[in-house]
Protein chains: 2
Amino acid sequence: MRKIPEPTVLRLSTYRRCLEDFKAQTNLPFVSSNELGRLAHRNAAIVRKDLSYFGEYGVPGKGYSVDHLLKHILRIMNLRREHRAVLVGAGNLGRALLGYPGFKKLGFRVVAAFDNDPRKVGRKIGEVAIFPVSKLKSEVERKKPAFGLITVPAAAAQESANLLVEAGVRAIINFAPARVWVPPRIVLRNVDLTRELEVASYYLG
Amino acid sequence: MRKIPEPTVLRLSTYRRCLEDFKAQTNLPFVSSNELGRLAHRNAAIVRKDLSYFGEYGVPGKGYSVDHLLKHILRIMNLRREHRAVLVGAGNLGRALLGYPGFKKLGFRVVAAFDNDPRKVGRKIGEVAIFPVSKLKSEVERKKPAFGLITVPAAAAQESANLLVEAGVRAIINFAPARVWVPPRIVLRNVDLTRELEVASYYLG
DNA sequence: AGCTGTGAAGTCATTCACAGCC
DNA sequence: GGCTGTGAATGACTTCACAGCT
């Protein structure tokens with residue numbers, strides 16, 4: 001299998017969501033690249049090309065089976081298994097993430113949260129116990145989550161990343177507004193909540 | 001001024017953050033494209049090209065004046081004025097956003113929040129009063145915010161967008177996991193909190 | 001007829017490489 | 001010597017356009 005462009009991976013996530021909407025709204029068994037493109041605000045050709053990287057899923061003259069395509073995308077995205085994750089920082093953002101629909105639906109399960117605020121330690125967010133950060137290493141080594149989610153203030157982001165790497169997570173999603181460095185073997189993705197506001201400001205200006 | 005590639009606009013936001021970190025950490029007056037590229041995890045040439053779209057800010061042999069460059073980027077991004085915004089959905093995500101550092105620092109000021117939950121209406125998030133959604137139109141018409149931030153459940157996202165458009169906001173940032181449609185004159189940006197988790201899952205698989 | 005899959009063409013973005021300046 | 005600014009070269013991604021299947 002050829003190397004997949006990152007834009008394609010990002011769009012797959014969009015297609016999945018559009019397919020779920022399409023299924024819920026129409027319940028039709030097939031969707032064409034044209035229709036899916038319209039839903040995802042994309043050209044039909046790029047939809048077909050994106051999907052063709054992973055095999056020939058379409059039926060000429062009919063389109064793509066909605067159910068089969070959904071399953072394929074989940075398999076491609078490695079989303080047909082449960083993913084354990086830990087949360088560093090038990091503030092509003094961490095809470096919001098845990099409550100984000102799709103978080104659970106996509107198979108992500110938060111097995112522990114960590115915070116340095118003594119008022120939070122020992123409490124729970126939903127089902128998830130909050131531990132002091134000093135327990136991060138031992139808890140991660142015991143529960144072996146692949147994902148670490150950083151939702152601490154910017155100043156503590158690098159330190160959190162270091163702890164997560166040392167404890168053995170394989171991927172880090174950094175929601176803090178700070179650049180962090182991790183070894184190349186770790187998958188690092190940054191989410192910046194205000195970037196799109198800045199971009200919108202640019203386009204308004 | 002030539003048309004600016006969107007990737008450039010996105011990187012400007014990163015450069016701004018890196019410059020602030022650089023200034024706080026080193027207090028040096030100049031930074032080279034090499035150094036800034038290292039901080040932003042980018043090639044030095046793209047740093048120079050990005051900045052050159054907007055004029056010649058650099059000093060050959062020395063680099064870029066940190067302070068001047070910061071000011072220039074803020075001006076380019078239209079961030080040297082206050083931006084009023086309203087929040088639709090006063091849940092954890094809305095709270096997290098209001099508390100996000102840089103939100104205020106970048107000049108974004110939330111002038112009202114709206115929610116349909118009667119237990120939230122009349123309360124406040126920090127300084128921000130929570131109104132029923134039925135008051136959205138009148139409040140927006142009165143306070144004239146340019147930005148609407150959607151932090152409601154997916155099912156209510158389109159409805160929220162419609163109300164915001166009708167009330168006259170010029171830009172919408174949609175944090176709900178749903179595609180929304182707005183007229184072309186409205187600047188629409190989507191933020192998907194779980195997309196980067198999905199992408200990380202792909203790269204782990 | 002309608003739609004997919006894909007090579008070829010086209011477009012856009014990044015990196016190279018170097019002249020010119022401090 | 002070190003660094004910027006930028007045309008040229010390269011590379012990456014998207015769209016076109018059509019053969020081929022149902």
Side-chain angles (χ1 to χ4, degrees), chain A residues 1-15 18-19 22 26 28-73 76 195 199 202-203, chain B residues 1-15 18-19 22 26 28-73 76 195 199 202-203:
Chain A
M1 192 189 293
R2 192 177 351 174
K3 166 127 193 317
I4 308 302
E6 178 166 321
T8 293
V9 179
L10 287 162
R11 282 192 298 269
L12 283 180
S13 152
T14 305
Y15 299 153
C18 292
L19 284 168
F22 182 82
T26 71
L28 292 173
F30 282 85
V31 65
S32 69
S33 61
N34 232 301
E35 183 70 7
L36 188 50
R38 206 180 49 73
L39 294 171
H41 303 142
R42 298 287 162 182
N43 178 300
I46 196 78
V47 174
R48 294 199 296 278
K49 183 140 292 191
D50 284 343
L51 299 178
S52 75
Y53 284 126
F54 305 97
E56 308 194 359
Y57 299 148
V59 182
K62 298 188 76 176
Y64 299 85
S65 155
V66 174
D67 286 332
H68 285 170
L69 190 49
L70 268 172
K71 279 203 192 102
H72 280 304
I73 292 180
I76 293 162
R195 166 167 299 182
V199 174
Y202 171 84
Y203 285 115
Chain B
M1 192 189 292
R2 191 177 350 173
K3 165 126 193 318
I4 308 303
E6 178 167 320
T8 293
V9 179
L10 287 163
R11 281 192 296 269
L12 282 181
S13 152
T14 305
Y15 299 152
C18 291
L19 283 168
F22 182 82
T26 71
L28 292 173
F30 283 86
V31 65
S32 69
S33 59
N34 232 302
E35 182 70 5
L36 187 50
R38 205 181 50 74
L39 294 171
H41 303 143
R42 299 285 161 183
N43 179 301
I46 196 76
V47 174
R48 295 199 296 278
K49 183 140 292 189
D50 283 342
L51 299 178
S52 74
Y53 284 126
F54 305 96
E56 307 195 358
Y57 299 147
V59 182
K62 297 189 76 177
Y64 299 85
S65 153
V66 174
D67 287 330
H68 285 169
L69 189 50
L70 267 172
K71 279 202 191 105
H72 279 305
I73 291 180
I76 293 163
R195 166 165 300 181
V199 174
Y202 171 84
Y203 285 114

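Throughout, a chain's letter reflects where its sequence line sits, starting with A, and its residues are numbered from 1.
- To the nearest 0.5 angstrom, S33(A) atom OG is 14.5 Å from R42(A) atom CZ.
- Atom CD1 of I46(B) and atom C1' of dT4(D) are 15 Å apart (whole Å).
- Not a single donor-acceptor pair, N or O on each side, falls under 3.5 Å between the base of dT14(C) and the side chain of K49(B).
- Rounding to whole angstrom units, CD of residue E56(A) and P of dG7(C) are separated by 11 Å.
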message: Under the criterion side-chain contact (heavy atoms from CB on, under 4.5 Å), I'd like the reasoning laid out for D67(A) against L19(A): C-alpha separation, chi angles, the key distance, then a yes or no.
response: CA-CA 9 Å; D67(A) 286 332; L19(A) 284 168; over 6 Å; no

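- Among all heavy-atom pairs drawn from L36(A) and V31(A), the shortest one is N-CG2, 4.0 Å.
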query: When you look at H72(B) and F54(B), which way does the side-chain contact (heavy atoms from CB on, under 4.5 Å) test go after all the steps?
result: CA-CA 9 Å; H72(B) 279 305; F54(B) 305 96; over 6 Å; no

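- Using a 4.0 Å cutoff on non-hydrogen atoms, the parts of residues 62-71 of chain B near DNA chain D are K62(B), G63(B), Y64(B), ordered by number.
- Counting to the nearest Å, the P atom of dT14(D) and the CG atom of D50(A) are 7 Å from each other.
- Nearest-nucleotide mapping onto DNA chain D: of G58(B) and V59(A), the residue sitting toward the 5' end is G58(B).
- In this structure, N43(A) places its CG atom 15 Å from C1' of dC12(C), rounding to the nearest Å.
- Taking each heavy atom of Y15(B) and I73(B) in turn, the nearest pair found is CB-CD1, 4.0 Å.
- As a whole-Å value, the separation of H72(B) NE2 from dG5(D) P is 11 Å.
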Give me, pair by pair, the N or O atoms of the protein and of nucleotides 17-21 of chain C that are less than 3.5 Å apart, along with how far apart they are.
{"from": "dA17(C)", "atom 1": "N6", "to": "R48(B)", "atom 2": "NH2", "distance (Å)": "3.1"}

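- Per the geometry, CD belonging to E6(A) stands 15 Å off C1' belonging to dA13(C), to the nearest Å.
- When heavy atoms are screened at a 4.0 angstrom cut-off, T8(B) is found touching no nucleic acid atom at all.
- Distance L36(B) CG to dT4(D) C1': 13 Å, rounded to the nearest Å.
- Taking every heavy atom of both residues into account, Y64(B) and Y57(B) meet most closely at CD2-C, 3.8 Å.
- Scanning all heavy atoms of the two residues, the minimum distance from T8(B) to Y53(B) falls at OG1-CE1, 3.5 Å.
- Within the nucleic acid shown, R42(B) has no heavy atom closer than 4.0 Å to any nucleic acid atom.
- Around NE2 of H41(B), the count of heavy atoms belonging to other residues, nucleotides or ligands within 6.0 Å exceeds 12.
- Shown here for I76(B) and Y202(A), the closest heavy-atom pair between the two residues is O-CD1, 3.4 Å.
- Between N34(B) atom CG and dG1(D) atom P the separation is 17 Å, expressed in whole Å.
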